[in-house]
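By convention in this document, chain letters (A, B, ...) are assigned in the order of the sequence lines, proteins followed by strands, and residues within each chain are numbered from 1.
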Amino acid sequence: MKGKGFFEKVYKIVRRIPSGKVMTYGQIAEILGSKDARKVGWALHSNKDPKVFCHRVVNKKGKVAANYAFEGWREQKRRLLAEGVTFTDETHVDLGKHLCATID
DNA sequence: AAAGTGACGCATT
DNA sequence: TAATGCGCCACTT
């Protein structure tokens, strides 16, 4: 694990997402100057660092990751609810209230 | 060095 | 409206 360029940048941003807020893959990719949202999701998939709040990252529709690594999307949802994030649907975060508009 | 992989996003059918 | 296709680009083997 020695800082892989892109991965580390992704982690750095995700670590800075405040509690009760969420960001999208595409949004993070854009901050990094990329257009590849998939790469962002992949970076998080590799990640195991509890400091990186990967549960605060959702897709553009606000939907939680269907293939969330640890306990499945329900675990991700549970963590978000615990932080005060509300859902519009069983699997969709209320982006209107919790989307973080860029960190930097 | 080349090919494969991937937690997405958007256009088109 | 839902489903499918394809581009995107760093990382791994």
Side-chain angles (χ1 to χ4, degrees):
Chain A
M1 285 272 212
K2 340 166 191 206
K4 298 340 191 190
F6 213 93
F7 280 37
E8 224 181 70
K9 289 181 179 178
V10 172
Y11 301 153
K12 187 170 183 176
I13 291 176
V14 175
R15 270 197 293 263
R16 295 167 59 184
I17 300 176
S19 178
K21 293 285 190 174
V22 299
M23 288 190 80
T24 68
Y25 299 103
Q27 191 176 15
I28 294 171
E30 191 171 304
I31 292 172
L32 297 180
S34 173
K35 296 174 195 171
D36 193 357
R38 298 171 77 179
K39 198 72 265 28
V40 176
W42 189 23
L44 295 180
H45 189 207
S46 293
N47 174 60
K48 300 209 172 34
D49 189 336
K51 306 293 189 189
V52 179
F53 310 113
C54 44
H55 58 281
R56 295 183 186 155
V57 184
V58 296
N59 68 18
K60 199 65 176 292
K61 307 178 202 84
K63 189 177 176 194
V64 297
N67 300 311
Y68 191 68
F70 305 99
E71 314 290 330
W73 63 268
R74 39 193 205 90
E75 174 61 13
Q76 179 175 11
K77 181 181 178 184
R78 191 183 68 69
R79 295 185 183 188
L80 290 172
L81 288 173
E83 296 179 349
V85 174
T86 55
F87 282 63
T88 57
D89 190 81
E90 185 62 36
T91 56
H92 293 71
V93 170
D94 187 340
L95 291 179
K97 291 184 179 179
H98 309 290
L99 181 61
C100 190
T102 72
I103 295 267
D104 235 39

**A:R38 CZ - C:dG5 P separation (whole Å)** = 13 Å

**Request:** Determine yes or no for a side-chain-to-main-chain donor-acceptor pair under 3.5 angstrom, with A:Y11 supplying the side chain and A:A43 the backbone.
**Result:** yes

For residues 17-34 of chain A, run the donor-acceptor check on the side chains, cut-off 3.5 Å, and write out each pair with its distance to 0.1 Å, sequence neighbours left out.
{"residue": "A:T24", "atom": "OG1", "partner": "A:Q27", "partner atom": "N", "Å": "3.1"}
{"residue": "A:Q27", "atom": "OE1", "partner": "A:T24", "partner atom": "N", "Å": "3.3"}
{"residue": "A:Q27", "atom": "NE2", "partner": "A:C100", "partner atom": "O", "Å": "2.7"}
{"residue": "A:S34", "atom": "OG", "partner": "A:D36", "partner atom": "N", "Å": "3.0"}

**Test side chain to side chain contact (heavy atoms under 4.5 Å, CB included) applied to A:K77 and A:E90, step by step** = CA-CA 9 Å; A:K77 181 181 178 184; A:E90 185 62 36; 3.0 Å; yes

**Fill in**
Note: contacts of residues 12-37 of chain A with DNA chain B (heavy atom, under 4.0 Å) are A:Y25, A:G26, A:D36, A:A37

**Request:** Using whole Å, report how far NZ of A:K63 lies from P of B:dG9.
**Result:** 12 Å

**Request:** Rounded off to whole Å, could you give me the CG-to-P distance for the A:N47 and C:dA10 pair?
**Result:** 19 Å

**Request:** Could you tell me which residues satisfy salt bridge (Lys or Arg N to Asp or Glu O under 4.0 Å) with A:K9, sequence neighbours excluded, listed by chain and number?
**Result:** none

**Item:** Test item: A:H55 side-chain N/O and A:L80 main-chain N/O as donor-acceptor pair under 3.5 Å
**Value:** no

**Request:** Figure out the CZ/P separation between A:R79 and B:dA7, and round it to whole Å.
**Result:** 18 Å

**Item:** Rounded distance in Å - NZ (A:K39) to C1' (B:dG9)
**Value:** 15 Å

**Request:** Figure out the CG/P separation between A:L44 and B:dG6, and round it to whole Å.
**Result:** 15 Å

**Complete:** Separation of B:dA11 atom P from A:K60 atom NZ, nearest Å, is 10 Å

**Complete:** A:H45 atom NE2 is separated from B:dG4 atom P, nearest whole Å, by 20 Å

**Request:** Mind listing the closest non-hydrogen atom pair of A:K39 and A:F7 along with its distance?
**Result:** NZ-CE1, 3.9 Å

